[in-house]
**Q** 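There's a structure below that I have some questions on.
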Amino acid sequence: MALPQLLTVALLAAPVPVLSVDGFADVIPAPVSAVPSGADFHLDRNTVIQTRTPAVGNQLAADISAETGLALPVTPSAAPAGRKISLKIAGGLGDGYKLVVNRNSVEVTATTPAGLFDGTQTLLQLREGRAIAGGTIEDRPRFTYRGSHLDLARHFHTPDEVKKYIDEIRRLKINYLHLHLSDDQGWRIQIDGWPRLTEIGGAAGTGVDGVGGGFLTKAEYADLVAYAAARFVTIVPEIDMPGHVNAAQVAYPELTCDGVAPPPRTDTAVGYSSLCISSETTYRFVEDVIRELAAITPGPYIHIGGDEAHATPPADYVAFQNRVIPLVAKYGKTAYGWHEIAQSPAAYSSVAQNWGMSRSNPVLAGAVANGMRVVMSPANKAYLDMKYDRNTPLGLTWAGLIEVRTAYDWDPGTHLTGVPESAVLGVEAALWSETLRNIDHIEYMAFPRLAAIAELGWSPASSHDWEAFRSRLAAYGPQWTARGVDFYPSPQISW
Ligand code: ACM
């Protein structure tokens, strides 16, 4: 029996790395409370994930396997005496979670599966090698909507690229991905009743500057929706109208008032196209698109665009929205649109996405007084396609230069006069693709700024602190590096 005893002694004596207690709260977005204990948990081959929520348990096991090579079993039953990670549903935690890490167990408790998933995203951030930093975190989101927007119209991004992006955004507790699927240049989602939309509008050469093309088939879209849902991200599809419709009119000239097809356009001008507001064909088209999109979208929102409709006379614009917004409700969804839709009384029951740069928008404030809710995406703070500084090789500048601190230093709950925090559903970072052609471009512009927007959406306003944020961001950098994310190494951060 001497040998096993010797082995046991050797194992006990092996040096066990202890994670820094200081690093315990290096989580993004900042949790509501984090108390380190120094009692780290060490993953090993005998660790079990015990849960009756396999959707969360299996995803955590897959992540741990990808990051450490350990294949942890996921089991619903009480684990034997070995060390375990337990993921439990229990009442009283709202949409938040509680995470307790000590030497022998990790326990995540939440009231909803989404809360449990959020807890596991924190857990993943506490991991360093096979050690998980010890302590207790209690956490809940400030806002229910934490969005990221991606433009597939100006340049198409493939399903695999979108999936890689989803893999990153969910780690920051982003829970909505808004896909901009149509614009003047191209049309990126299959619509069975109007097949030329993608035959022509998704053809090669329909990206900006005639570069790229492509579209999502319904099967690809459904697969993306499922992939996102498995990571507790809800897809919000957008069809932009009544402006930004040149690609649709190239494919179907009957969507213009004179019936003449306009030339295809792959420049980046905006505001020149409009659906024909007085034509019944327009509403047949719009209803078909909304019906088909609603049928493949389990999430609550259909985004109907509505921005920059400079070629639509104002009265026509309101008439159009008054007819189209009820169509979204007819197919069981909530209408969501850029803030211009607030001009229409029909929009008061819907959600406006504020992309304005002003701190005041009386039309939107008036709609809010009538019940409208708002997602905050001010272009001069939350448009991640803006350059970081004058030397950024990608991106645009019309809303300004947006370094990390600019993206971080604002408050969605007080940003717009007459839009109280109670009317704010959350935040969304927009990423337009005029200059972005591939996933490296997307990552370079999104990260690290998306972390700032994610924190504004999740963390309590009282925790807002640039110095603390930039220190946590520096600690997060190696995670992006390890996953091959091409983030911008902002000089504002001590990486
Ligand atoms: C927008 O940036 N036109 C919504």
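Just so you know, these numbers use all the heavy atoms, side chains as well, and skip hydrogens, waters and symmetry mates. Counting from 1, the numbers follow the sequence of the chain as shown. Both counts, for ligands and for their atoms, begin at 1 and track the order of listing.
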**Q** To the nearest 0.5 Å, what is the distance between CG on L216 and CD1 on I189?
**A**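 Interatomic distance, L216 CG to I189 CD1, rounded to 0.5 Å: 5.0 Å.
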**Q** Would you say ligand 1 has an N or O under 3.5 Å from any N or O of W398?
**A**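 Min N/O separation from ligand 1 is not below 3.5 Å for W398.
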**Q** Look at atom 3 (N) of ligand 1 and say which protein heavy atom is nearest, naming residue and atom and giving the distance to 0.1 Å.
**A**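 For atom 3 (N) of ligand 1, the nearest protein heavy atom is D307 OD2, 2.7 Å.
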**Q** Is there at least one pair of N or O atoms, one from W338 and one from ligand 1, spaced under 3.5 Å apart?
**A**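 No - when backbone and side-chain N and O of W338 are compared with those of ligand 1, no distance drops under 3.5 Å.
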**Q** Relative to each other, are the rings of H303 and Y336 parallel, tilted or perpendicular (30° and 60° limits)?
**A**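 If you compare the ring of H303 with that of Y336, the planes turn out tilted.
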**Q** What's the shortest distance from atom 4 (C) of ligand 1 to any protein heavy atom, and which residue and atom give it?
**A**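 Protein heavy atom with the smallest distance to atom 4 (C) of ligand 1: Y383 OH, 3.2 Å.
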**Q** Go through ligand 1 atom by atom and flag the ones less than 4.0 Å from a non-hydrogen atom of E308.
**A**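 Listed by number with element, the hits are 3 (N).
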**Q** With atoms numbered from 1 as shown, which atoms in ligand 1 lie under 4.0 angstrom from a non-hydrogen atom of W355?
**A**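 In order of numbering, the contacting atoms are 1 (C), 2 (O), 3 (N), 4 (C).
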**Q** Against R154, only a single residue in D183, D267, D240 fulfils salt bridge (charged side-chain N to carboxylate O under 4.0 Å, His left out); can you say which?
**A**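 The option that passes is D183.
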**Q** Any salt bridge linking E455 with R472? Criterion: basic side-chain nitrogen under 4.0 Å from a carboxylate oxygen.
**A**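 A salt bridge links E455 with R472.
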**Q** Should the pair E428-R146 be classified as a salt bridge under the 4.0 Å nitrogen-to-oxygen rule?
**A**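 Between R146 and E428 there is no salt bridge, as every charged N stays at least 4.0 Å from the carboxylate O atoms.
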